[in-house]
Every structure is written in structure tokens, then in C-alpha cells.
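Report on the structure given below.
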Amino acid sequence: MRVYATARTAFKALRRNPMRAMLTTLGIVIGVGAVIAMMEIGAGASAALKKTIASMGANVLVIQPGTAASGGISFGAGSTTNLTPEDGQAILRECPAIHNATPMVRARTQVVYGNRNWVPNAIYGTTPAYLEVQNWSLLAEGEPFSERDVLNGNRVCLLGQTLVRELFEGASPVGKNIRIKNIAFRVIGVLSSKGANMMGMDQDDVILAPWTTVKYRVTGASLSTSNQSTDSTASTAVNTLSNLYPAIQGTLYPAQNSVQQTDNPMPVRFANIDYIMAAANNSGEISMAIEQITGVLRERHRIRPDDPDDFNIRDMSELTKTLSTTTALMTNLLLAVAMISLVVGGVGIMNIMLVSVTERTREIGLRMAVGARGSDILRQFLVEAVVLCLTGGAMGIVLGHGGSLLVRLLLHWPVETSPTAIIAAVLVSAGVGIIFGFYPAWKASRLDPIEALRYE
Amino acid sequence: MELIKLRSIEKTYQMGDISVPVLRGISLSIQQGELLALTGSSGSGKSTLMNILGCLDRPTAGEYWLEGQETSTLSTDERALLRNRKLGFVFQSFNLLARTSAIDNVAMPLAYSAENLNDREARERAAEMLARVGLADRMDHYPSQLSGGQQQRVAIARALINRPPVLFADEPTGNLDSKTSEEVLQMFTRLNTEDGITIIMVTHDPQVAGHAKRVIRLHDGLILADAPAAGSSPKTSGDAS
Ligand SMILES: Nc1ncnc2c1ncn2[C@@H]1O[C@H](COP(=O)(O)OP(=O)(O)OP(=O)(O)O)[C@@H](O)[C@H]1O
Ligand SMILES: [Mg+2]
């Protein structure tokens, strides 16, 4: 009731000089307006930025087998063969911070179509999830291969744009057969163009195929070191139909016949893969994801607590860092602009309130003579300053929101309405009113009624 | 009943090293219902005494009882409350709020009263006061649209809004011509006789002092004479300046 009456008195006092009140609040109007507009446009921009950086693979983790070492000679990352597709499934299943994981097999060999040939940068054996991990689900043409293709080891593949250019001279390759190591692969789709990656590698110079197919038919040799028999059966029994020229893969030992096999059961060796790609839910959860994966893999690989990992995990920490520094930079920039404009606005308010106190010295004296206490005067001027600031803040919100809407309509920038910014703007403008209005109000409340009444 | 009692009130202003004694021991007693004029030459300390009586200022020494309450020990806020409840002020220069209607000017002191009237009650009370000073038809006029006499009547209505027992007026007619002065003084007389409000006014003008029932003459911070007014021609014997 009292506050309401005071607020009304303040409104009346401000209405006595509307032009000056307007000009005084201009600083706050512009400040708050700029903050709101920048918050909204900035929120949209940083959302877009995040998406862009995520599409560059900021959320992706690469899990490689560890180092094999022999007699003090280390063979470098990926030289052991102890990662399995099941590891990938386990990671996907047991790590809450991971939303996708796919086993990867990589090969590099010649590809032939008709009378043309080409050696792509990489032939990746993977699962359909790879496209999601890489944000690459949108194909230029055709369809991706399915889980069923992976299970059956079907000879299907997706071509990158570079291969379409080199092998098919731009004509549609869908439905055609290409040969990889003399094995016919049916092209079922074409990847959309991705261009070069940050290292300058052409990302369109790839073939994607089910990892089982690549593993057993193209890179067949990988397993030979660990398990001769499965390898030989895979490369001879399965490939005979499509193999124009049987693979020249010497077997060290004579093939076992079925009796020998049942007599000496070979432990069924898991199929090893080259690496696993996993996607974290978002870039903020990457370190958590790494921890979870480490736990899962150590358990699966039965590593004792003080033994080192037999795998290593790489993340795109540079990208992630870029992402977080960019976001922080933007937030700080906004804050700095907001602070400066609000301080400028606040100084304007303080200035005018001081002028107003001086100008109304007689009024203050009169009010004191008829019974106003110092605190009443303090409150009156404080409320006046706050009303001024809040009015300015409200106009600023309208202005800023209108501005950001305009930006969205005219420039089609992404804009996100930010209720937090609006609430913050209201609180901050009230705060500015209180902080910068306090000194003039305090000065007014300390006036001596007699002197004030005598003031000319 | 004794409304005001002063005992050897002194007021000394300190101007750097020099102390300027303005009031040098004023003792007096004012009954409820008096119509009193303070006169004296310029600089004799009339306004200073008035400010002390109006609880706007504190005496340097001495005691001041208002309705039996010793006031010189009160805090600033307590004196503000006292002014609001018991004292009304009328100034030489009216001191109305510009660009504020007559009725809002009159209602202004209610904002600081403990009564907590709501809006409608406040306006009603203000309208009643304006009617009492004969300005019922000027309620929504701004001060700039009123004559000097009307403005002073608005100021009187404002001083009366909290129904104080005492009204102080420092040169209330100083800015008015003789005709409007007469109007204002008649209003004082009426308030004094009809409503029993004690009125204490400061004036230079013997004509004005003639309306009072009692005239106190100050000289150099001391009471020179304190006598019931003799009709409209008060004695001027001590006025040597
Ligand atoms: N704040 C002050 N500081 C110093 N001296 C003051 C102050 N206020 C008043 N005086 C002095 O006190 C004396 C009395 O002043 P006061 O205003 O009471 O006179 P007055 O009787 O009302 O005169 P006038 O009839 O001209 O209004 C003057 O000499 C004045 O200089
Ligand atoms: Mg005076």
C-alpha cells in the first residue's frame, strides 16, 4: 500500500517532466535493448555454432587398440589386435554418456569399374551407425546398407563423391557393381559431399561397406596372424563364387579336415577390428564418456588394476576446446557490453536524479515540514529511480526483442527467445536504479528542512 | 489549557570561530486557541523562533513543551511525526508543488500520516479542506492557474489536512496585496474562532498584527513586549528602527 502510493507519487513526479525522463532512461533502454537482442541473437548463433562444430565431429571418440611391443620395440598405437565388435556393443550398452558406437575396419586398395580404376583414401568397413556418428545420414542418392547387410557380410557399398567422379565420371553409380580386390560390390548409395577435413584430407574419397564384408573379404589377411584356420575358411570357402582370381594368400599349414577340426577344437577367436568410433551425447560429456569406456574395456579385457590399458581413446579435444572457448568468449563479450551500457545508463540516471534533487530542494523541505521523515524521502527518490530504470528496462526489452525478431525476419538468423535474459534485464535495471539512485536519494534524505525551504 | 511553553530558549549559530547568538533566552507560554502575532525588526530572530516552535529546528539551550511533551530531546523522526500530527505550516511563498493540482497539493501530507487513508478517503478529506477555505470550485486547478490569495488558501488547506491544533505562518501575507491579505487574515480569524485552532504568525506589518489577539515583539533575540493587541492600531513605541 505504502509502496504503491510511493510508486504513484514517483510516476507523477516523472510525468511532470516526461521529456527529461525519456532522455534519462535512454541509456537504460539502449543498454537493456542491446543485451536482450544480443542474448537472443547470440543464443541462436551459439546453438548454430554448436551444431556446426558437432557436425565436424567434436563429440566423436576413437578407441584404438593399444601398443604391441616386442623386445623393447613399440609398434605404435593400433598395433595389437584386441578390439572386437562386441567391445563396441558393450560400450554402447554400458556407457550412458555414449549414444552411438560403431566398429571400424579400414582398408586401402584399388577399386575398379569398367576400364577405370582408383585407389580411394580409405575403404571403411563399418555399420550403419557410422553415418549417424559422423552426422552424415543424408545421402546424395540411394540408401545406406542395413544391419542385415552387416550380419550377412553382403557385398554392398556406399561411394563418396570423389569416387563417383573418378570411376563413373559423374554418372549415377547406384545399382552398378564395382570391384575391390576383384570382389564385386554393388553400389547402393552415394554419400553427400563433405569436402576436406581439418587436416586437408578429402573426406569424399571413401567407400563405406559392412565391416564384415571388408574384414573377411577385403582385408582377410588381418586375422591370419591370430587364427589361420578361420581366415582360410573365410577367404576360400566364401569367396570362391565371386573371386575371379583366387586370393593369393599362402597358408602356412595344411588345411585341417573336418575330423581333425573336431579332434582339435580351435578356440573361436573373436574377429578383431581396427578401431571403434563412439559418439558422446554432447561435447560436455566427453570426459565422462572416456572414463566410462575405459571402465568397460578394462573389465572386458580383464586388465588388472595396476596394469596399463591395452587400448587408447582419442577425442577431438581441440575441437571441443574451440567450442567451449568460443561459447565462453561470446558470453563474456555479451556480459562486457551489458555491463558497460548499464553502467553508462546508471550514471545517466544518477546524474539526472542529482539534478532533480537539487531542483526539488524546496519540495523536499516542504515534504519534511509536513512530516516526511528522512526515510520517506529516501524511499521516494529511490522508487523514482527504480521506476525510471524499470520503465527503461521494459522499453529496452520491447526494443531488443523487436530487434531480434526483425533480424530473424530480415536476415533469417537463428534467434532464440531467452526468458532468463528478460528476467535478468528486469532485475538488473531495478538493481541499476537502486545502486545509482541511492546516492541522490540519500543526499535528499539528509537535507535540513529549514535550509531546504529557504533554497532558491 | 497550555499548549506551548518555552523556558529560556536560546539559539546560537556558529559561523566558523564566531558564534552568533540569535535567540538569547525566550520564555513564554501560549494557550490553546490563541491568535498570536510575532513582530519585530528584521533580523530580530522571528523566523528562528518560529522554526523552533514548529519543531523544524532545535534550540541550542532551553526547554520547549508542546502539549506537555518536552520536544528538544526528540529524535529527527519523532519530530517529523510530531509536525505531521500536530503542526501546520503556511509559508510566505506558498510552497505549492508545481504541476500538481490543488487537491493533490492539499492531500500531500496525508502520505506521511500514520492514519493510512486510502485514496478515496484522502481525496474526500482534501476536498473538504478546500471547501473550508472557499476553493471547492478550484480543486483541479494547478497553482499556476490560481491567484496568489487562492494559492495561499490552498496552502492553508494543506496545513490543516491533518487537523493539527496549531498553525504556524511565517509572513503569510508577505507576497500578497492588501486585499488578498485581508482575505487570508479573515480566514485565520475564522479558523481560530470557529475551530479553535491556535494560530501563530510572523509579520512585519502592524496592520496584519492588528488582527491578532496577542502580539509579541522581539528585539535582538529577546522578547521586548508581550501584550494583547489593542484593536487595529497596536502600540509602536518600542519600534525605534
Ligand atoms: N543558518 C544560519 N546561520 C547563521 N546565522 C543565521 C542563520 N539563520 C539565521 N541567522 C541569523 O539569525 C538572525 C535572525 O534571523 P531570522 O531569520 O530569525 O530573522 P527574522 O526576524 O525572521 O528577520 P526577517 O524579518 O527579515 O525575516 C539573522 O541575523 C540571521 O543572520
Ligand atoms: Mg523571517
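Letters A, B, ... mirror the listed sequences (proteins, then strands); counts begin at 1.
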Determine which residues belonging to [range] lie within contact range of chain B, meaning some heavy atom pair is under 4.5 Å apart, and list them by number or answer 'none'.
| range | answer |
| --- | --- |
| residues 347-364 of chain A | A/Arg362, A/Glu363 |
| residues 431-448 of chain A | none |
| residues 390-410 of chain A | none |

query = B/Leu82, B/Asn84, B/Leu81: which one forms the most heavy-atom pairs within less than 4.5 Å of chain A?
reply = B/Asn84
key: Min side-chain heavy-atom separation A/Leu366-B/Phe91 under 4.5 Å   = yes
task = Work out which heavy atom in A/Ala369 is nearest to a heavy atom in B/Phe89; give both atom names and the distance.
result = O-CE1, 3.4 Å
ask   = Shortest non-hydrogen contact from B/Ala80 to A/Ala372?
value =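 That would be CB-O, 3.9 Å.
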inquiry  = Main chain of A/Met368, side chain of B/Arg83: is a donor-acceptor contact present, judged purely on distance under 3.5 Å?
reply    =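 Yes: the side chain of B/Arg83 pairs with the backbone of A/Met368.
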ask   = CZ of B/Arg7: more than 12 outside heavy atoms within 6.0 angstrom?
value = no
inquiry  = For B/Arg58, is the CZ atom crowded, meaning more than 12 foreign heavy atoms sit under 6.0 Å from it?
reply    = yes
Which atoms of A/Glu451 approach chain B - backbone, side chain, both or neither, heavy atom under 4.5 Å = neither
request  = Counting only heavy atoms closer than 4.5 Å, note whether B/Arg79 contacts chain A via side chain, backbone, both or neither.
outcome  =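 Contact with chain A is absent: no heavy atom of B/Arg79 under 4.5 Å.
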task = Under 4.5 Å heavy-atom distance to chain A, tell me which part of B/Asp77 shows up: side chain, backbone, both or neither.
result =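 For B/Asp77, the contact with chain A is made by backbone and side chain together.
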request  = Enter the distance from A/Ile450:CD1 to B/Ile52:CD1 here, rounded to the nearest 0.5 Å.
outcome  = 8.0 Å
Contact residues of residues 97-105 of chain B (partner chain A; heavy-atom separation under 4.5 angstrom) =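 Against chain A, the residues of residues 97-105 of chain B that fall inside the cut-off (heavy atoms, under 4.5 Å) are B/Leu97, B/Ala98, B/Arg99, B/Thr100, B/Asp104.
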